[in-house]
Amino acid sequence: MGWNPFSRKKSEDATPSQETPAAPVLLEDIQQQQQEPPTIPPPATTTPEQSKLSAQTQEISRFLRNLSLEDFQFAKLVQIPCFRDAGLIGFSTFFVFSSVMFLYHKNFRKSINWGFGGLMLGSIFGWEQCNHFRKQSSMAVQLAQERFQERQHQKILEEQQQNQNQGKK
């Protein structure tokens, strides 16, 4: 699961779920199945889809049990990455949409409706844009770290070669 801003613990269930691979299908098994008449398997108590759905339901119920009003304090909301950017862009589009629609139609209710639509649209756009730039910057940092490690490794190899060449002389 991803980052949860409302969790009280620092690390929750950090281990990914491991699925067991299906057993290989052998040629002997296929030949035996073709010779035997088909049988209707007994109804399974839970299918994999049902077990996955129940696991998701359990996770959602656990999340809702841990949710409290303290989680929605402004100090905690500001700690969420991209929250500030999304809010600023959303409120900006709210004011732009509502003012343009009010000036054009002279209808306050219509302008507020368009403003809230702009708030939603701008917030989503701002959130996605911020996350996109964060991913790009983290990829750039990762590439820089890899290049730095490669250069350090090359320097060590060059120093070892120079030491070996000096030892031969």
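Excluded from the calculations below are hydrogen atoms, water molecules and symmetry mates; all remaining heavy atoms, backbone and side chain alike, are included. No experiment lies behind these values; they were computed from the predicted model shown.
- Under the 4.5 Å side-chain contact rule for hydrophobic residues, Val96 and Phe125 do not share a cluster.
- Taking each heavy atom of Leu119 and Phe94 in turn, the nearest pair found is CB-CB, 4.0 Å.
- Grouped with Leu157 in a hydrophobic cluster is no other residue, since no side-chain heavy-atom contact under 4.5 Å to another Ile, Leu, Val, Met, Phe, Trp or Tyr is found.
- Phe83 is linked by a ring pair (Phe, Tyr, Trp, His ring centres under 6.0 Å) to nothing, counting only residues two or more places apart in sequence or in another chain.
- Within the structure, the side chain to side chain donor-acceptor pair (under 3.5 Å) test picks out the following pairs touching residues 132-149 (sequence neighbours left out): His132-Gln136.
- In this view, Phe95 satisfies the ring pair (Phe, Tyr, Trp, His ring centres under 6.0 Å) rule with no residue, not counting sequence neighbours.
- The stretch residues 95-137 participates, sequence neighbours left out, in these disulfide bond (SG atoms under 2.5 Å apart) pairs: Cys82-Cys130.
- Each side chain to side chain donor-acceptor pair (under 3.5 Å) pair with one or both residues in residues 99-122, not counting sequence neighbours, would appear here, but there are none.
- With values rounded to the nearest 0.5 angstrom, Glu158 atom CD is found 7.0 Å from Gln161 atom CD.
- Rounding to the nearest 0.5 Å places CG of Leu88 at 9.5 Å from OG of Ser123.
- Looking at every heavy atom in both residues, Trp127 comes nearest to Ala86 through N-CB, 3.7 Å.
- For Ile89, the side-chain contact (heavy atoms from CB on, under 4.5 Å) partners are Gln129, not counting sequence neighbours.
- Asn163 has its side chain out of reach of Gln160: every pair of non-hydrogen atoms, C-beta onward, lies at least 4.5 Å apart.
- Every residue meeting the side-chain contact (heavy atoms from CB on, under 4.5 Å) condition with Gln56, not counting sequence neighbours, appears here in chain and number order: Lys52, Leu53.
- Taking CD from Gln79 and CZ from Arg84, the interatomic distance works out to 15.0 Å, rounded to the nearest 0.5 Å.
- The CD1 atom of Ile112 sits 9.0 Å away from atom CZ of Phe102, with the distance rounded to the nearest 0.5 Å.
- A donor-acceptor contact shorter than 3.5 Å is absent between the side chain of Ser98 and the backbone of Gly115.
- Residues passing the side-chain contact (heavy atoms from CB on, under 4.5 Å) test with Leu64, sequence neighbours excluded: Ile60, Leu67.
- Cluster membership check: Met120 shares its hydrophobic cluster with Phe91, using side-chain heavy-atom separations under 4.5 Å among Ile, Leu, Val, Met, Phe, Trp and Tyr.
- The side-chain heavy atoms of Arg65 and Arg62, taken from C-beta on, include a pair separated by under 4.5 Å.
- When hydrophobic side chains of Ile, Leu, Val, Met, Phe, Trp and Tyr are connected at separations under 4.5 Å, Leu143 ends up as a singleton with no cluster partners.
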